[in-house]
2 protein chains.
Amino acid sequence: MGPPSTVAGTASLTPVSYLVLGLVARHGTATPYDLKSFAAQSVGNFWSFPHAQLYKEPPRLAEAGLLAEEREEFGRRRRIFRITDAGRAALAEWLAGGETALGELRAPGLLKLAFAELGRPADAAALARGQAAAHRTRLATYEAFAALPADAMPWSLRRALELGLGYERLQVDFWETLVRDLAAGRIPPSPSTGPAPPAA
Amino acid sequence: MGPPSTVAGTASLTPVSYLVLGLVARHGTATPYDLKSFAAQSVGNFWSFPHAQLYKEPPRLAEAGLLAEEREEFGRRRRIFRITDAGRAALAEWLAGGETALGELRAPGLLKLAFAELGRPADAAALARGQAAAHRTRLATYEAFAALPADAMPWSLRRALELGLGYERLQVDFWETLVRDLAAGRIPPSPSTGPAPPAA
DNA sequence: TTCAAACCGTCCGAAACAGACGGTCTACTA
DNA sequence: TAGTAGACCGTCTGTTTCGGACGGTTTGAA
């Protein structure tokens, strides 16, 4: 009647689970607070998790046998987690797992843009300027990260960062182009994609 | 003790709220089921909402005075929604609203890649191939959409689609490059991306 | 000794989520 | 006329996430 933890502990593992497992595996040991920091300066850039989850998940994984828990002897007596063989196995299984879902382009700015025809053109222009600026900022952050020495992060993380870089550049280009097109009164999709505008 | 709906109905409006408002405004009237379909063939491509929300949200908005509700006279007697002036105002306010949040690159594949160093290179290669294929598929879908005649969708939606197209192309390129690099034993980030590492 | 500032952790209400489940209508068939 | 397949349409429920308020602890500087 207990919670249905599958045999080897392969219960329902969520993305957070793997984040934690991966982070702990990568760093050897970690307290929840460490996880928070590690995440913040790596994957957290692309995919943020409420920190409360990083406190809840490790005990859950420990219960499933995927992490081992100890305590600091003095001071705050924080929980320190270490990965177990079962945990390493679960992580490996995930990494080797076939089908990986796709995810979506859930950008609030995109949603707003999709309905921009219902507002004033000036609003669309403001949106575009705002998005361009915001993405430029984030792009700068990523570039600073990318400028770190080669051994500052594992190759895989650097690759991920590179996708992030490409993504931000795409966004910046997109919104800047939109700003220009709107300013030029060029409303249709793209400079050269203009079949006759619908009945003046 | 009711839910704290702010004066003019500007309670807490979520992205779903605006999706509904926008869709109804765009089409004149809509039943929840219509919303489901409209969404599916427009923004739903980038940002999917559980359909239950599209049934729950309209009554909520109607209660706030942003939509007006009527009933089919016969048959299923479905709820038909129409936007009110207050609704149009809320929508306009949103569209004109300054700060728009940024959103994240929440791609499961990216998370997995970030930890690929912990697995076998072959796994990373498989991941890359899988992602490339999946994104190629979605790219094809978007391209079919984009091939529609100019008047098949409003300019703003088409613009949004264009960002989606760019995004999928970026993904396809990224993963395909990774496949090649991995096959060639070229693991580091990128063939030519080497600014002089600071202080060797 | 006191205090501020950083550090660290828990808790909770409100939504979102995913999908099972059930009802209703139309059109075709017998 | 009656039956029925299949599309169409809608609701409900348990679980998980979200986001942030809130509170305690430790350090070290004054």
Side-chain angles (χ1 to χ4, degrees), chain A residues 1-5 11-20 23 29-41 43-44 47-64 69-81 101-104 106 108 111, chain B residues 1-6 11-20 23 29-41 43-44 46-64 69-81 101-104 106 108 111:
Chain A
M1 267 289 199
S5 34
S12 61
L13 296 184
T14 66
V16 211
S17 311
Y18 293 111
L19 173 72
V20 169
L23 249 20
T29 59
T31 67
Y33 185 76
D34 289 334
L35 292 174
K36 198 177 116 180
S37 322
F38 293 155
Q41 58 187 202
V43 244
W47 189 334
S48 76
F49 302 89
H51 72 274
Q53 302 216 168
L54 300 183
Y55 281 90
K56 250 186 247 173
E57 193 62 19
R60 221 178 69 92
L61 294 175
E63 209 173 333
E69 176 180 352
E70 20 181 326
R71 284 273 187 172
E72 272 184 348
E73 306 235 331
F74 304 108
R76 262 166 220 257
R77 299 186 41 75
R78 284 173 296 193
R79 293 151 171 260
I80 298 178
F81 294 89
L102 269 196
E104 297 169 351
R106 275 179 177 228
L111 185 62
Chain B
M1 269 296 190
S5 33
T6 312
S12 59
L13 296 185
T14 66
V16 210
S17 312
Y18 293 111
L19 172 73
V20 170
L23 250 20
T29 59
T31 67
Y33 186 76
D34 289 334
L35 291 174
K36 198 176 114 180
S37 322
F38 293 155
Q41 57 188 201
V43 243
F46 313 123
W47 189 333
S48 76
F49 303 89
H51 73 274
Q53 303 215 173
L54 300 183
Y55 280 91
K56 249 186 250 173
E57 194 63 18
R60 222 177 68 92
L61 293 174
E63 207 174 334
E69 176 179 352
E70 18 181 327
R71 285 274 188 171
E72 273 183 348
E73 305 235 331
F74 304 109
R76 262 166 222 256
R77 299 186 41 73
R78 284 173 295 192
R79 294 150 171 260
I80 298 177
F81 294 90
L102 270 195
E104 296 170 351
R106 277 183 176 224
L111 185 62

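Only this structure's heavy atoms are used, side chains among them; waters, hydrogens and symmetry mates stay out. This one's a predicted model, so the numbers in the text were calculated from it and none came from an experiment. Naming convention: chains lettered A, B, ... in sequence-line order (proteins, then strands); numbering from 1 in each chain.
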N/O to N/O distances under 3.5 Å, protein versus nucleotides 9-17 of chain D:
residue : atom : partner : partner atom : Å
D:dC9   : OP1  : B:Arg78 : NH1          : 2.5
D:dC9   : OP2  : B:Tyr33 : OH           : 3.4
D:dC9   : O4'  : B:Arg76 : NH1          : 3.1
D:dT11  : O4   : B:His51 : NE2          : 3.1

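Contact check for A:Arg79 versus A:Pro59: side-chain heavy atoms found under the 4.5 Å cut-off. No side-chain heavy atom of B:Leu19 sits under 4.5 Å from any side-chain heavy atom of B:Leu35.
Scanning for side chain to side chain contact (heavy atoms under 4.5 Å, CB included) contacts around A:Arg77 gives A:Arg71, with sequence neighbours left out.
Among residue pairs with one or both ends in residues 48-58 of chain A, those qualifying as side chain to side chain donor-acceptor pair (under 3.5 Å) are A:Ser17-A:Glu57, A:Ser48-B:Glu104, A:Glu57-A:Arg60; sequence neighbours excluded.
As rounded to whole Å, 15 Å separates atom P of D:dG20 from atom CG of A:Leu54.
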Residues B:Asp34, B:Ser37; criterion side chain to side chain donor-acceptor pair (under 3.5 Å); working and verdict:
CA-CA 5 Å; B:Asp34 289 334; B:Ser37 322; 5.2 Å; no
